[in-house]
Every structure is written in structure tokens, then in C-alpha cells.
There are 2 protein chains.
Amino acid sequence: MLDKHDFAPLYIQLYRILRKRILDGEYKQGEKIPSETELMKSFQTTRGTVRNALSLLTSEGMVEQVRGKGTFVKLQQLKYSIWNFGGFTDYLKSRNEVAVSMVLDQKTVSVDGVDYFKLVRARGIKKERTVRYLTVDTSLLPVSLFPGLDRYDFGKESLYRVMKQDYGVIPTRAEISLSVEPVSDRVKDILQEDRSLTALLKAEGSVFDQNNAEIEKVSVTYSSSVEFKITANMA
Amino acid sequence: MLDKHDFAPLYIQLYRILRKRILDGEYKQGEKIPSETELMKSFQTTRGTVRNALSLLTSEGMVEQVRGKGTFVKLQQLKYSIWNFGGFTDYLKSRNEVAVSMVLDQKTVSVDGVDYFKLVRARGIKKERTVRYLTVDTSLLPVSLFPGLDRYDFGKESLYRVMKQDYGVIPTRAEISLSVEPVSDRVKDILQEDRSLTALLKAEGSVFDQNNAEIEKVSVTYSSSVEFKITANMA
DNA sequence: TAGTGGTCTAGACCACGGT
DNA sequence: CCGTGGTCTAGACCACTAG
């Protein structure tokens, strides 16, 4: 049931409930979920609120609404085999590579009145005696969620391991926008790119936890030697 | 003024009007546009309709709504978040845009002893009288799977519609590799990119049907105004 | 305090799909 | 025909911003 006095708006509460049911398999892939009218009644709310919740799910690609028929679970989750989001270190370990991180900058910044811990790292792999950096990452982590994060040495610690084990925050979903961006000479040198090259692939977005709270704003510039592969299901 | 008997819903009409004013510079970058209440009055409609229109502009990144202050023009280069594979036409239709295709090349080629129908198209949207091309696509379709495909005019037909309806082939999965690639002046001109720009985002890969048979080799070059968005689940 | 956008209610009519 | 989602109306109260 929805709680009028909850911190979150009703439509967000409903959205979370429906989302959980889908992810838990209560509503299965391709199946019809209750109609807007049914949701209205069972959650004792109005259609506007129900539609706000459903429009969130629709924009996330989790359900599809069809006029005259109903709302169906889509769950076409774009899978990707790609670096970084959700486990650079783990990914490399599974490939029998040794991950290395170099902290380029580390400080507290304020954006729109919110304090963030800003972490800029070059990340790559070590082979024999040589290190090859593959990405330059900038992470913004809310101080409110991760107090004392500046105590860690992220040249040695994995950020995601700390988030999970020491703060109990589990990265669950990432919304990422890709673009081609000009890069500075400094970044080119770090990634061992030729100075004559002008632009690199950049991924920018947010990472969310299981409660759909934004836990990290992230921006990653990829070396041209990285292959960015994704698999998309379009059923 | 909005027309109740128009083909398009009121909020789409209002959305188009506001978008035009922004693109024409009537509302300038960073400026405040009329409040929801003012729009209600001047267009003789209700707040729900106004908010539907504004939420379209917001999701496109053309305006930003700030509680207590107002709605401001963002205009960070209008970005289209497009997932091209599996439904360029459908995607645009869902946004009430008109998709346009221009065939740049069309012939039969042989690769490794296999015959393919090669189709090169520029694809984009039409607004009023102007066409804006967003991608340049190259498709290689096996002649064995699609005999007689050269009869179609893909300046008018949707390739995926023909594949599904006329050949019963349903695109199900795509494996795509992203990279930053130098582009020719010809492509720059088509996508209305500055000549000084050197590289664009390119997606290259294969599309498979429900039986996991490769039905299309594809290569897409994206205009820099396209925002390539993905959602990744990392659970 | 006045104005803004954020949320919510309680209705209404419509176009569409399936019976 | 009925049920579905799509659109629209006409209000309401709230939290936030600014003068």
C-alpha cells in the first residue's frame, strides 16, 4: 500500500513496487500487468498517479503500453559486455589481468549546493613491468552517502568494493550516454594516444543503487584501443 | 492557438510551438519561458496539457524546470537519444516525429563468395520544410535470405518493416562494437557537421534473427547531435 | 508574501482491440 | 459491446524561491 506521509511521492512508491515485482519475476516477461484501472483500485489512488508511475517504467523500457490491450512487461535490458560500469577490477580479474589505478585528482567539490567527493583516476592493466592505461574516469560521489570516503587510497582500493563492503551500497543500474569528445593533451599522453588525434569515445551518466537512488555521477574517456561492445535484444 | 480538431493532440501541438520558438531564438538560451500558469491562459488549456508538453521538452533536454523559479531554455544542442538498431522509424513515430530516409547507394556486392544487397542511407527527421539527417547507415543483407529486395524503394519503405512483413524475418538481437572513426567530408556535409571535425561515433556489427542467424551486417555513423543512450543492469 | 513547479484528485470523452 | 490506454479538464495543496 502507498503511504501518503512517506518521504517519496506516491507515484515513485508505486513505481518502485511495480519495478520490484517485475525484477522479482512476479510479473513475467511478455505478460500483462494489471490495468491502470485495477492499479487505481488496488492502491487506492487516482489514474494520474498510476500513469506517472507507469510512464517511468515505460521510459526505462521495462514495460510497454498498448492502447486497447494493456501494459506488458518488456524487460529488453540491453546487456553489454563492457568495461567499467559495475566492475572494472572484477572484469579484469576474470580475464587474468592485473588492474591498476592511478589517482589523478581527489577532492571535495560542491555542485548545486550538494557536496561530492570527486575522484579522477587513470585505469588500466599491468603486464610484466609496463602499465597501459585504458580509461580516464571521473567519479562524483555524494558525501552524504559516503562520509569519510576520502580516507581511502583508491590507487590501491577498488571503489566498488569499498562502496559495497564498507557502505553497503550496491550499484545496480547505470544510465549512460555516449558521445565523441575532444580530449586534452594530458589525457592523450596518459592513454598513450597520438597528439594528432582529436577526439575519443566518452561515456557519461549516473549509477543507481537498488532503491534507484543516484549513487555516482561518472564520466569515462576510453583509449582508442578499447573495444566497446554491446549486445542489444530487440524483441 | 491550439486546435481541438487537429490530427495531433493538444500537448503535441503546444510542444511543437514551444520548440519552434526556442529553435527560432524567440526564447533564448538560459532565458525563462512563460510559466505553466501563463501558458495555460495564453493557450486556453489546462495545466496537465501544458505539463505534458513541457515534459517532452524536458526529456529532450531543451528546457529545464526548476521548482520555485521557472522553466529555462537549456538548448545544449538538441540531442536525440536514439537506439537505431531495431526501429529507427518506430522510435521516431513514438515521438511524433517524421522519419526520412535518403538512399545514397544501392547495389549487389559479393563478400567472401556470398552475395549481399548493399544499402547506404542517410536517415533523419523532417521538421516543417527542413530535413535533418542524423545517421549514415550501411547495411549488407544476404541475397539468399532476401531475394528481390532491390525492388523496394527504401527512401519510402522502412527496411525493418519489409523484413518483418514481406520476408517474415524478425530482428531479435544485435552485437555492436562502438568506436570513434574519422569521417569523409561527404558524410560531414550530409550530417551538417563542421568540416574541421575529424571523427564521429560509429557503431558496427551484426543483427541476428530469432534463430540466431545473421540477417544484417550494419555500420552506422552518428551525427554529433545524436545522444547514444544505454541502460545497463549490473546485478 | 506572491509566484513557481511538483504532486494529487475526480471526474470526462476518445480511439483502439478483442468479444 | 466492454475494457484498455491516450488525452483533457478543473480544481486542490504543497515545497521551494525570491522580493
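Here is the naming used below: chain letters follow the sequence lines, and residue numbers restart at 1 for every chain.
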Check: Tell me: OH of B/Y11 to C1' of D/dG5, nearest whole Å?
Finding: 12 Å
Notebook entry, point to check: What do the steps show when you test B/T138 against B/K118 for side-chain contact (heavy atoms from CB on, under 4.5 Å), and what is the final call?
Noted result: CA-CA 7 Å; B/T138 302; B/K118 181 180 177 181; 4.0 Å; yes
Next item on the list: Could you say whether B/Q44 or A/G68 is positioned toward the 5' end of DNA chain D, judged by the nucleotide with the nearest heavy atom to each?
Entry: A/G68
Next item on the list: Figure out the CZ/C1' separation between A/R47 and D/dG3, and round it to whole Å.
Entry: 11 Å
Next item on the list: Scan A/L10 against the nucleic acid and name what it touches under 4.0 Å (heavy atoms): base, sugar-phosphate only, or nothing.
Entry: sugar-phosphate
Next item on the list: Answer whether the closest heavy-atom distance between the side chains of B/L200 and B/L191 falls below 4.5 Å.
Entry: yes
Notebook entry, point to check: Reading DNA chain C 5' to 3', which nucleotide is the first, and which the last, to come under 4.0 Å of any heavy atom in chain A?
Noted result: C/dT7 to C/dG18
Next item on the list: Starting from the 5' end of DNA chain C, give me the residue, A/K69 or A/K4, whose nearest nucleotide shows up first.
Entry: A/K4
Notebook entry, point to check: Taking for each residue the nucleotide of DNA chain C with the nearest heavy atom, is it A/T49 or B/P34 whose nucleotide lies nearer the 5' end?
Noted result: B/P34
Notebook entry, point to check: Quick one: A/E38 CD to D/dC2 P, roughly how many Å, whole number?
Noted result: 17 Å
Notebook entry, point to check: So, is A/T71 near the phosphate of D/dG5, with a side-chain N or O under 4.0 Å from OP1 or OP2?
Noted result: yes
Notebook entry, point to check: Rounded to whole angstrom units, what separation is found between the CD atom of A/E36 and the C1' atom of D/dG5?
Noted result: 5 Å
Check: Watson-Crick or G-U wobble partner for D/dG19, using a 3.5 Å limit on both distances?
Finding: none
Next item on the list: Decide side-chain contact (heavy atoms from CB on, under 4.5 Å) for A/F43 and A/T49; before the verdict, give the C-alpha distance in whole Å, the side-chain angles of both, and the deciding distance to 0.1 Å.
Entry: CA-CA 10 Å; A/F43 287 98; A/T49 303; over 6 Å; no
Next item on the list: Considering non-hydrogen atoms only, spot the tightest contact between A/I215 and A/L141 and give its length.
Entry: O-CD2, 3.7 Å
Next item on the list: May I have the distance from A/R51 (atom CZ) to D/dT4 (atom P), rounded to whole angstrom?
Entry: 13 Å
Margin query: By the 4.0 Å heavy-atom rule, please label A/T46 as base, sugar-phosphate, or nothing.
Written below: base
Note to self: Could you report the tightest heavy-atom contact between A/S139 and A/L159, atom names first, then the distance?
What the structure shows: OG-CD2, 4.1 Å
Check: How long is the span from the CD atom in B/E64 to the CD1 atom in B/I33, to the nearest 0.5 Å?
Finding: 12.0 Å
Item checked: Minimal non-hydrogen separation, A/V50 against A/T45, with atom names -> CG2-CG2, 3.9 Å
